[in-house]
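Notes for the one structure printed next.
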Amino acid sequence: MAKWTPKHEAPEPLEGPVVATITGGTILWFVLFLVQLPFYGWFDDHGHTWWVWTCLAGAGLGLIGIWYVRKRDAAIKRAAAAGMDQAATAAE
């Protein structure tokens with residue numbers, strides 16, 4: 001059997017509005033939690049309370065995600081600024 005080898009280079013990763021995406025997802029999880037709260041009795045009667053708690057867990061993990069991507073975004077911007085400073089110093 002021949003080993004598979006790629007025929008072309010992998011594309012660069014896409015960078016989009018990561019902080020906004022994670023924030024939107026977190027808000028969505030929390031809204032889903034709030035929407036399900038009035039129906040907690042129905043969920044409890046049918047053994048589906050995990051749906052409610054899954055939404056709350058998604059919102060909680062989303063808060064951690066927001067913290068993480070904000071720190072990551074700031075670090076990427078600091079590294080880019082440091083690279084520009086080094087390039088400007090080297091050009092002089």
Side-chain angles (χ1 to χ4, degrees):
M1 273 192 142
K3 183 178 176 185
W4 180 81
T5 56
K7 296 186 185 340
H8 53 81
E9 282 189 39
E12 290 292 320
L14 297 174
E15 285 293 331
V18 180
V19 177
T21 303
I22 301 300
T23 303
T26 303
I27 291 169
L28 180 64
W29 278 114
F30 190 68
V31 167
L32 288 172
F33 170 72
L34 292 177
V35 166
Q36 291 180 2
L37 271 181
F39 306 103
Y40 187 83
W42 183 89
F43 286 116
D44 193 29
D45 292 343
H46 292 85
H48 296 301
T49 55
W50 64 271
W51 289 7
V52 177
W53 302 120
T54 299
C55 292
L56 185 61
L61 290 172
L63 291 175
I64 295 169
I66 291 170
W67 171 80
Y68 179 81
V69 296
R70 289 184 69 194
K71 293 288 186 183
R72 178 183 175 269
D73 195 40
I76 289 171
K77 288 178 182 174
R78 276 195 311 273
M84 294 296 255
D85 290 344
Q86 288 178 354
T89 304
E92 292 177 358

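The model shown is predicted, which means the values in this text are computed figures rather than measured ones.
At a threshold of 4.0 Å, the pair Arg72-Glu15 counts as salt-bridged, since one of the basic side-chain nitrogens sits closer than that to a carboxylate oxygen.
Atom CH2 of Trp67 is surrounded by 12 or fewer heavy atoms from other residues, nucleotides or ligands within 6.0 Å. Within 6.0 Å of CZ in Phe43 there are more than 12 heavy atoms belonging to other residues, nucleotides or ligands.
Leu32 and Trp53 are not part of a single hydrophobic cluster, where members link through side-chain heavy atoms under 4.5 Å apart. Both Trp50 and Leu37 belong to a common hydrophobic cluster when Ile, Leu, Val, Met, Phe, Trp and Tyr are linked at side-chain heavy-atom distances under 4.5 angstrom. Put simply, Leu63 and Leu61 are part of two different groups of oily side chains (I, L, V, M, F, W, Y) that touch within less than 4.5 Å, one to the next. The cluster map of Ile, Leu, Val, Met, Phe, Trp and Tyr, joined by side-chain heavy atoms under 4.5 Å apart, puts Phe30 and Trp51 in the same cluster. Hydrophobic cluster membership is shared by Phe39 and Leu34, with clusters built from Ile, Leu, Val, Met, Phe, Trp and Tyr side chains linked at under 4.5 angstrom.
Taking each heavy atom of Tyr40 and Val52 in turn, the nearest pair found is CD1-CG2, 4.2 Å. Considering all non-hydrogen atoms of both residues, Thr49 and Asp44 come closest at CG2-CA, 3.4 Å.
The OG1 atom of Thr26 sits 10.0 Å away from atom CD1 of Ile64, with the distance rounded to the nearest 0.5 Å. Summarising the geometry, atom CZ belonging to Arg78 is positioned 10.0 Å from atom CG belonging to Asp73; distances are rounded to the nearest 0.5 Å. Taken from OG1 in Thr21 to CD1 in Ile66, the straight-line distance is 11.0 Å, to the nearest 0.5 Å. Note that CZ of Phe33 is 11.0 Å distant from OG1 of Thr54, once rounded to the nearest 0.5 Å.
Ile27 is listed as a side-chain neighbour of Thr23, based on a closest heavy-atom distance under 4.5 Å.
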